[in-house]
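This chain uses plain numbering: 1 for the first residue, then up along the sequence. Both counts, for ligands and for their atoms, begin at 1 and track the order of listing.
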Amino acid sequence: MIVRRKYIIAAAVLLPVVGLLVGWSGLIGVRASTGHWAVTDWFLHWVMRNSVRTAALSHEAPPLDHPALLPPAAGHYEIGCAMCHGSPARPRSETVKQMLPEPPDLVPVISSWTDEQLFEIVQHGVRFTGMPAWPTQKRPDEVWSIVAFLRHLPSMEAERYRELSGLYPPPMEGEVDNLPLSCESCHAERRLNAESLVPSLAGQSETYLVESLRAYADGRRASGIMQLAVSSLPEEAFGDLARYYAGQERSVRNPADVDAGLVEQGRILAQQGRAADKIPACLSCHEKPDGNPAYPRLSGLSRPYLTRQLQLFVDGVRGGTKYSHLMNEVAKNLEPEDVAAAAAYFSQRSE
Ligand code: HEC
Ligand code: HEC
Ligand code: HEC
């Protein structure tokens with residue numbers, strides 16, 4: 001009995017030492033070129049699928065059928081995913097196919113995952129594989145829009161993908177075509193409608209635009225989509241871009257179903273606020289000709305965009321410029337009905 005125990009202790013001490021020696025000897029291959037053994041490959045995928053399946057139990061997909069979810073998601077896919085996974089407009093590159101594990105062509109695999117599982121993979125990434133996490137953990141709404149896009153991917157034609165992502169938009173008359181293509185791909189005024197989740201930048205305050213770009217670049221305003229879009233821009237470009245957009249005319253977009261009662265409620269909130277709930281009049285800061293130029297112009301922004309931003313303020317995750325705390329103070333007292341009313345009012349207001 002005593003002898004047995006001796007062997008066990010010796011083994012417990014020796015095994016890690018042997019393990020270290022084997023690691024030190026350089027005999028364990030790390031070459032990507034030889035690939036994994038089939039059994040290792042099977043095991044790693046099995047572990048990954050189990051892990052994703054379990055973690056996904058804590059997520060619940062919101063409705064994902066709104067068409068406005070697709071354009072910003074497709075644009076982000078083009079900038080942030082297509083180089084590894086390919087897209088309907090371009091196959092995966094040969095270089096990427098030499099990665100271990102190889103980033104898969106997503107077309108045949110999407111249907112093997114539920115929406116919640118896709119969310120888990122895109123939000124958190126996959127360790128040791130090159131599959132990155134979403135740039136911020138504060139914007140599940142953005143990740144869900146990627147899931148909505150991934151559902152359409154398997155049946156998407158190249159033409160439709162180009163249109164959604166804004167790849168190679170044909171330059172229009174009077175448009176500066178030496179701008180980074182990427183901003184216009186999502187923000188071009190002609191690509192937006194009353195339902196867009198991408199904000200119109202046309203006619204927005206120049207100071208607000210520059211400060212917002214800085215806020216994305218420093219991570220003070222959380223958005224995986226915008227953080228990636230500005231990551232390759234030198235800060236010197238911010239001023240030019242802001243001037244370009246500030247100088248444009250914002251189009252009038254008439255939302256399809258305007259609820260007159262809701263708009264009226266929004267007008268009262270905007271002009272008078274609600275003293276009982278410590279809500280100041282929105283127009284005491286916004287849209288004032290002699291107001292602080294860092295305060296954004298709201299009139300004519302789309303209702304879904306306004307709603308989403310207000311909700312982010314209400315949830316305390318919006319961030320932004322050095323004045324954003326003022327808006328957080330306001331939003332803290334807003335009820336869901338106020339958010340809906342204010343968004344309805346400002347979306348159809350033309351000053
Ligand atoms: C640097 C390369 C790289 C980038 C960029 C990348 N991925 Fe991946 N992705 C991978 C790799 C590698 C895997 C395989 C992980 C594995 O084998 O477990 C993967 C796996 C996946 C999977 C699971 C596929 C399956 O069935 O195994 C999905 C879905 C996915 N990625 C979506 C995305 C999306 C959406 C983006 C952009 C937001 C993205 N990926 C960006 C490399 C990348
Ligand atoms: C893939 C689509 C996409 C691309 C490319 C993109 N944007 Fe955006 N942009 C968005 C979305 C979506 C938002 C809303 C983000 C949020 O929720 O904060 C946004 C927000 C903004 C805002 C804040 C506007 C506001 O009213 O608060 C500015 C400024 C901006 N983008 C400028 C740019 C510039 C300049 C570029 C080019 C360098 C660019 N964007 C590229 C999709 C994009
Ligand atoms: C005390 C001044 C102040 C008041 C009052 C105020 N806001 Fe704001 N609001 C701001 C500031 C400052 C910002 C810019 C935040 C940032 O730094 O990005 C902002 C941003 C916003 C945005 C985001 C715009 C965009 O393009 O992303 C919306 C929407 C908004 N406010 C709606 C409202 C509504 C609705 C009310 C009234 C209920 C209101 N605000 C009252 C100061 C104010």
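For the pair Arg139 and Trp144, the cation does not sit on the ring face, since its NZ or CZ is not both under 6.0 Å from the ring centre and inside 45° of the axis.
Atom 8 (Fe) of ligand 3 lies under 2.8 Å from an N, O or S atom belonging to Met327. Inclusion of Cys285 in the first shell of atom 8 (Fe) of ligand 3 is not supported: no N, O or S atom falls under 2.8 Å.
The distance from ligand 3 to the heavy atoms of Ala281 drops below 4.0 Å at these ligand atoms: 5 (C). Close contacts between ligand 3 and Cys282 involve ligand atoms 34 (C), 35 (C), 36 (C), 37 (C), 38 (C), 39 (C), 41 (C) [criterion: under 4.0 Å to a heavy atom]. For ligand 2, the atoms closer than 4.0 angstrom to any heavy atom of His76 are 1 (C).
At least one N/O-N/O distance between Arg318 and ligand 3 falls below 3.5 Å. For ligand 3, the polar-atom distance check finds an N/O of Tyr208 within less than 3.5 Å of one of the ligand's N/O atoms. Looking at Lys322 next to ligand 3, no N or O pair under 3.5 Å apart turns up. Between Gln309 and ligand 2, at least one N/O pair is under 3.5 Å apart. Between Tyr305 and ligand 2, an N or O atom pair is found at a separation short of 3.5 Å. Checked by distance only, ligand 2 and Arg221 come closer than 3.5 Å through their nitrogen or oxygen atoms. When only interatomic distances are considered, the shortest N/O to N/O separation between Arg139 and ligand 2 falls below 3.5 Å.
The backbone and the side chain of Thr321 each have at least one atom closer than 4.0 Å to an atom of ligand 3 (non-hydrogen atoms only). Contact annotation for Asp338 and ligand 3: no heavy atom of the residue comes within less than 4.0 Å of the ligand.
Among the heteroatoms counted here (N, O or S) of His85, NE2 is the one nearest to atom 8 (Fe) of ligand 1.
Of the candidates Cys183, Ala242, Ser185, it is Cys183 that places a heavy atom closest to atom 37 (C) of ligand 2. Of the candidates His286, Gln204, Arg274, the one placing a heavy atom closest to atom 19 (C) of ligand 3 is His286.
Under the 30°/60° scheme for interplanar angles, the aromatic rings of His59 and His124 are found to lie parallel.
At a cut-off of 3.5 Å, with distance as the only test, no side-chain donor of Glu287 or Tyr295 sits close to an acceptor on the other residue.
Scanning the protein heavy atoms around atom 1 (C) of ligand 1, the nearest turns out to be Cys84 SG, 2.7 Å.
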